[in-house]
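A short worksheet on the structure shown next.
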Amino acid sequence: MSKPSSQIHRAWWKESSVYQIWPASFKDSNDDGIGDIPGIISKLDHIKNLGIDIVWLCPSYKSPQVDMGYDIADYYNIADEYGTVADVEKLIKGCHERGMKLLMDLVVNHTSDQHEWFKQSRSSKDNEYRNWYVWKPAKYDENGNRQPPNNWVSHFQGSVWEWDEHTGEYYLHLYATEQPDLNWEHPPVRKAVHDIMRFWLDKGASGFRMDVINFISKDQRFPDAPIKDPRTPWQWGDKYYANGPRLHEYLQDLGKILKEYDTFSVGEMPFVKDTQEVLRAVQYDRNEINMIFNFEHVDIDHGTYDKFEPGSWKLTDLKAFFETWQKFMYENDGWNALYWENHDQPRSVDRYTNAKEEDRVIASKMLATILALKAGSPFVYQGQEIGMANVPKEWDIEEYKDIDCLNHWIRLQKYRPTDTEAHKSAREEYQKKSRDNGRTPVQWSSAPNGGFTGPNVKPWMSVNPNYAQGINAETQVNDPKSTYNYWASVLRLRKQYLDIFVYGNYEMVDRDSQEVFAYTRQYEDQKALVVANWTDHELEWEPAAKGVKGIKEVIMDTYESVDDAKQRFSQDKWSLRPYEAAVFLIEP
Ligand code: NOJ
């Protein structure tokens, strides 16, 4: 059922589309092989012309870059390789001049071990910063061997606890050893986070993407996690730290500041599947955060115990995740963040379709259609707008740079040195799922290095050589049939029919099909149908047989102009081409 308009809360941030920038690989302006903020400024028109309202800048603060900036050593300064605070101010200005806003990344579950707070904290047990992090004494087994306080596994392999010889205690790090977790129980930590937020908001930032924000409150008993993976002592402790006991209290505090500045906020929330729990953070009147990134659709191809084990999925799984969140948020006055890609995920055409080379462009347009016309704020990750691909299969492990993937490889070699089958399988899975896939430099042109950096420079990470085959921005901006121009038209369509595509309801059509992804959106008496053929072959599809009646007009098609498509869609049975998506106005 669609709601009366009086029950719908309108908001500028619901209508916005976001473009995500991961600075190291966006655009290098000074030929040091690393992307930087002046490089971003030079490409703002590319983003604006796509129809974007908000630019999200991934962490650019001072950092030893163990985890590419998600290990922050100074929240008030910018990493030398990226620029200066003055450059960020220029970036904000450049965004504002084009009617866009800038979103910063708030990474406050942990800091770098090189942050001054942690250096102080580890210096002695009675240092005033000791309590800013989570320190615990050792446990001892029956043989008197020292053991970590519990069995939780780190997101980057091994125990979450690191022994500190100097003060004789363990500290907690849910991620890398060099990323100690802040202790949010300690009020000065919370105050310090509030100050950081105000600093950037006062500079003109319009809000934050909040890194693993649902991990900030931990069960203070730090109990052992249940054993799910019998092959290792280290187990997922998420039930004790994801959406922990004091999360909403902390989010309420952040929400007050966010409201004061009328910001956009999106929280990253791994592990949570409970819609009610998410609603407590994002429901309109809760004033915590606007929306979250959930993970079900990006965890879809993971193995039982491990992301880097083979996994399989069906189209109905993907549809079911979306249906749950779409309907629930609509019915309960919450909001969704919509994404296929980001800097932690592989490229969407490779993950969600089996498109062969000749179908890549059409498949990327299909994914754009299905994503952007759902209810929520769409996020486009750098390079997604030109259909960038995963790293080439031939690339050697030396080309991979990401700590998540490399730690996995190192441990595999250490603990299963002769298991060549496991090595081979892991290598195949890295090429499908490693974060490196989303981190190769953006391909700007057909010039050497894809125009990301100077022709004679060795970029910090190799450029995917397919920039020479049309996967580059310059070629695509000038080609009306490109993925880039299609993204621009789909984001325009979303705004043109704002009531339907932003504020309308969501109903699945042909739910059980493993070949077609279709849904309707309705706002009062305005209604649209979105249909996609998720296969590499032609399909016959009859809307009336699936309960869709009264097709009025085709308003978008991925293969041809609406004028050309008209004739084809005037029949009762439609022949949908491989990976075709089309959008229609229909009778309510
Ligand atoms: C999520 C970020 O997106 C990811 O890149 C990072 O490694 C972890 N959080 C830790 O900050």
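When a ligand or atom number is given, it counts from 1 through the structure's own listing order. Heavy-atom basis, side chains included; hydrogens, waters and symmetry copies ignored.
Within 6.0 Å of CD1 in I397 there are more than 12 heavy atoms belonging to other residues, nucleotides or ligands.
For D238, there are no side-chain hydrogen bond (donor to acceptor under 3.5 Å, both in side chains) partners at least two apart in sequence or on another chain.
Residue pairs meeting the salt bridge (Lys or Arg N to Asp or Glu O under 4.0 Å) criterion with at least one partner in residues 182-193, sequence neighbours excluded, are E185-R246, K191-D195. Identified under the salt bridge (Lys or Arg N to Asp or Glu O under 4.0 Å) test for residues 65-77, with sequence neighbours left out: D67-R435.
The aromatic ring centroids of W152 and F222 lie less than 6.0 Å from each other.
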What does the contact table look like for ligand 1 (nitrogen or oxygen on each side, cut-off under 3.5 Å)?
| residue | atom | partner | partner atom | Å |
| --- | --- | --- | --- | --- |
| ligand 1 | 3 (O) | R209 | NH2 | 3.0 |
| ligand 1 | 3 (O) | H343 | NE2 | 2.8 |
| ligand 1 | 3 (O) | D344 | OD2 | 2.5 |
| ligand 1 | 5 (O) | H343 | NE2 | 3.0 |
| ligand 1 | 5 (O) | D344 | OD1 | 2.7 |
| ligand 1 | 5 (O) | D344 | OD2 | 3.4 |
| ligand 1 | 5 (O) | R435 | NH1 | 3.2 |
| ligand 1 | 7 (O) | D67 | OD1 | 3.2 |
| ligand 1 | 7 (O) | D67 | OD2 | 2.5 |
| ligand 1 | 7 (O) | R435 | NH1 | 2.9 |
| ligand 1 | 9 (N) | D211 | OD1 | 2.9 |
| ligand 1 | 9 (N) | D211 | OD2 | 3.3 |
| ligand 1 | 11 (O) | H110 | NE2 | 2.9 |
| ligand 1 | 11 (O) | D211 | OD2 | 2.7 |

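For K374 and W340, the positive end sits near the middle of the six-membered ring, less than 6.0 Å away and at most 45° from its axis.
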